[in-house]
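Structure record follows, encoded as structure tokens.
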Amino acid sequence: MPSPFPGMNPWLEHPLVWHGFHHLYLSRLCRQIASQISPRYVVDVDDNVYINNEDEERVGWFRPDLGVRRTDEQRPACGTAVAQIEAPVYLELPRENEERLPYLRITDADGQYLVTVVELLSPTNKRPGDNRTSYLNKRRTILAADVNLVEIDFLRAHPPMPTSARPPCAYSVLVVRAERQSRAGFWPIGLRDPLPIIPIPLKSEDVPARVDLRAALDEAYEDAAYQYRLYKRDPEPPLSPEDDVWARGLLPTTS
């Protein structure tokens with residue numbers, strides 16, 4: 001069963017649902033793109049790692065290059081005495097955990113040159129604070145390297161990413177071509193609007209790929225059987241009273 005909404009399904013924005021949907025949706029976009037650009041280009045799923053503390057404050061993102069762990073070889077042999085050096089004071093530090101946010105990267109066939117980045121924004125990217133600053137720094141780095149950027153925002157929560165003269169909308173898509181960064185394509189999408197087909201720019205001499213955002217959403221929705229579990233809670237953020245009446249009138253009877 002496909003999603004009952006003509007465009008973005010607001011129930012998918014719920015914090016308890018979004019992380020899984022984020023992974024499913026990007027994998028469907030990846031499949032659409034790969035069918036059009038292979039073998040000249042390679043599209044793959046990569047991820048950034050955000051470090052979150054126990055208060056849910058994001059403290060930045062990094063690309064994991066080297067991990068450190070203790071192996072059996074590093075442990076002292078049985079019976080060997082090891083002197084312990086005690087600190088004069090012990091402090092409680094907030095617990096931290098990793099959050100991995102996938103995105104799509106398109107490279108040349110040899111994987112040497114990054115051509116396009118496709119980002120599906122998450123609350124971690126949009127929430128004001130260090131996490132948002134980190135994402136905007138990544139965004140600037142991508143554009144400074146003459147890489148195409150596609151930024152999909154299916155979240156009503158938190159301030160949208162800055163763009164000049166942005167029209168009012170619930171959701172949006174931004175497409176920045178490396179060769180003309182001062183003129184970005186922008187798709188404003190209302191709550192009741194259908195999701196568009198958008199271009200995925202490649203090198204300037206090649207025709208862009210095309211992705212059907214609605215088709216990818218329906219595939220993710222069906223594969224996860226969301227109709228049986230998605231509507232047991234209210235959408236978050238809440239809808240306006242008028243939109244709430246409209247949206248609930250579309251919900252499947254199996255919910």
Side-chain angles (χ1 to χ4, degrees), residues 7-8 22 25-49 61-63 65 101-122 124-126 131-155 158-190 193-217:
M8 177 57 186
H22 188 281
Y25 191 74
L26 276 183
S27 68
R28 275 62 185 175
L29 291 184
C30 183
R31 183 166 56 191
Q32 282 193 40
I33 296 170
S35 67
Q36 301 174 63
I37 68 173
S38 301
R40 179 166 170 75
Y41 296 96
V42 174
V43 58
D44 203 356
V45 180
D46 203 345
D47 57 29
N48 290 311
V49 179
W61 67 274
F62 67 94
R63 287 298 308 276
D65 294 319
L101 294 181
Y103 66 96
L104 301 184
R105 60 196 311 271
I106 299 174
T107 65
D108 67 314
D110 296 327
Q112 295 185 13
Y113 300 102
L114 182 62
V115 176
T116 305
V117 169
V118 180
E119 293 275 3
L120 177 61
L121 297 183
S122 274
T124 299
N125 303 128
K126 294 186 67 179
N131 57 319
R132 182 181 176 94
T133 301
S134 294
Y135 175 76
L136 290 175
N137 287 338
K138 177 189 176 184
R139 192 201 222 194
R140 283 190 288 269
T141 299
I142 290 170
L143 297 179
D146 290 333
V147 174
N148 303 306
L149 173 66
V150 178
E151 189 177 86
I152 303 170
D153 187 354
F154 283 169
L155 293 169
H158 310 300
M161 291 300 166
T163 55
S164 178
R166 174 189 173 93
C169 53
Y171 313 109
S172 65
V173 176
L174 180 75
V175 177
V176 186
R177 299 175 186 267
E179 68 271 17
R180 26 178 203 163
Q181 293 184 9
S182 61
R183 186 175 175 84
F186 188 77
W187 282 255
I189 306 169
D193 293 341
L195 295 180
I197 296 174
I198 64 167
I200 304 296
L202 304 167
K203 292 181 180 178
S204 57
E205 65 269 23
D206 289 331
V207 176
R210 292 157 54 91
V211 293
D212 187 331
L213 299 181
R214 171 60 194 267
L217 190 148

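A quick note: this is a predicted structure, and the numbers were derived from the prediction, not measured. Residue indices begin at 1 and follow the sequence shown.
- The shortest heavy-atom contact between V150 and P199 is CG2-O, 4.3 Å.
- Salt-bridge check for R139 with E151: passed, with a basic side-chain N closer than 4.0 Å to an acidic carboxylate O.
- A cation-pi arrangement, defined by a distance under 6.0 Å to the six-membered ring centre and an angle within 45 degrees of its axis, is present between K138 and Y103.
- With a 4.5 Å cut-off on side-chain heavy atoms, V173 and L213 count as touching.
- For the pair R40 and E205, the salt-bridge criterion is met [side-chain N within less than 4.0 Å of a carboxylate O].
- R183 places no side-chain N or O within 3.5 Å of a backbone atom of V176 that could act as its donor or acceptor partner.
- Counting heavy-atom neighbours within 6.0 Å of R210 CZ, excluding the residue itself, gives a total of 12 or less.
- Contact annotation: the side chain of P167 approaches that of P188 to within less than 4.5 Å [non-hydrogen atoms, C-beta and beyond].
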I would like to know whether C169 and I189 meet side chain to side chain contact (heavy atoms under 4.5 Å, CB included); could you show each step before the answer? CA-CA 6 Å; C169 53; I189 306 169; 5.7 Å; no
Report the C-alpha separation of T107 and Y41 in whole Å, then their side-chain angles, then the decisive distance to 0.1 Å, and conclude whether the side chain to side chain contact (heavy atoms under 4.5 Å, CB included) test is met. CA-CA 6 Å; T107 65; Y41 296 96; over 6 Å; no
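- Distance CD1/I200 to OG1/T116: 7.5 Å, rounded to 0.5 Å.
- A salt bridge between R105 and D44 is absent, with no side-chain N of the basic residue lying under 4.0 Å from a carboxylate O of the acidic one.
- How far CD of E119 is from CG of L174: 11.5 Å, rounded to the nearest 0.5 Å.
- Side chain of Y171 to main chain of W187: no donor-acceptor pair is present (N/O by atom type, distance under 3.5 Å, no hydrogens or angles).
- No side-chain donor-acceptor contact under 3.5 Å links D206 to the backbone of K203.
- Counting only distance, with no hydrogens or angles, the side chain of H22 and the backbone of L120 share a donor-acceptor pair below 3.5 Å.
- When atom types are taken as modelled, the side chain of Q32 and the backbone of D212 share a donor-acceptor pair closer than 3.5 angstrom.
- The two atoms that bring S38 and A34 nearest to each other are OG-O, 2.9 Å, heavy atoms only.
- Here the CD1-CG distance, from I152 to L26, works out to 7.0 Å after rounding to the nearest 0.5 Å.
- The side-chain heavy atoms of R132 and M161, taken from C-beta on, include a pair separated by under 4.5 Å.
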Let me see the working for I37 and L202 under side chain to side chain contact (heavy atoms under 4.5 Å, CB included), right down to the final yes or no. CA-CA 9 Å; I37 68 173; L202 304 167; 3.8 Å; yes
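- Scanning all heavy atoms of the two residues, the minimum distance from N148 to A178 falls at OD1-N, 2.7 Å.
- Separating the OG1 atom in T141 from the CG atom in L136 is a distance of 10.5 Å, to the nearest 0.5 Å.
- A pairwise comparison of heavy atoms in L217 and G7 identifies CD1-O, 4.1 Å as the closest pair.
- By the 4.5 Å heavy-atom criterion applied to side chains, L104 and V117 are not counted as neighbours.
- The closest side-chain heavy-atom distance from L149 to L143 is below 4.5 Å.
- Between E179 and P201 there is no side-chain heavy-atom pair separated by less than 4.5 Å.
- The side-chain heavy atoms of D153 and L155, taken from C-beta on, include a pair separated by under 4.5 Å.
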Apply the test side chain to side chain contact (heavy atoms under 4.5 Å, CB included) to residues V211 and I197: give CA-CA distance (whole Å), side-chain angles for both, the deciding distance (0.1 Å), then the verdict. CA-CA 6 Å; V211 293; I197 296 174; over 6 Å; no
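- Side-chain atoms of R177 and S204, non-hydrogen and from C-beta on, never get closer than 4.5 Å to each other.
- The minimum heavy-atom distance linking A109 with V42 is given by the pair O-CG2, 3.8 Å.
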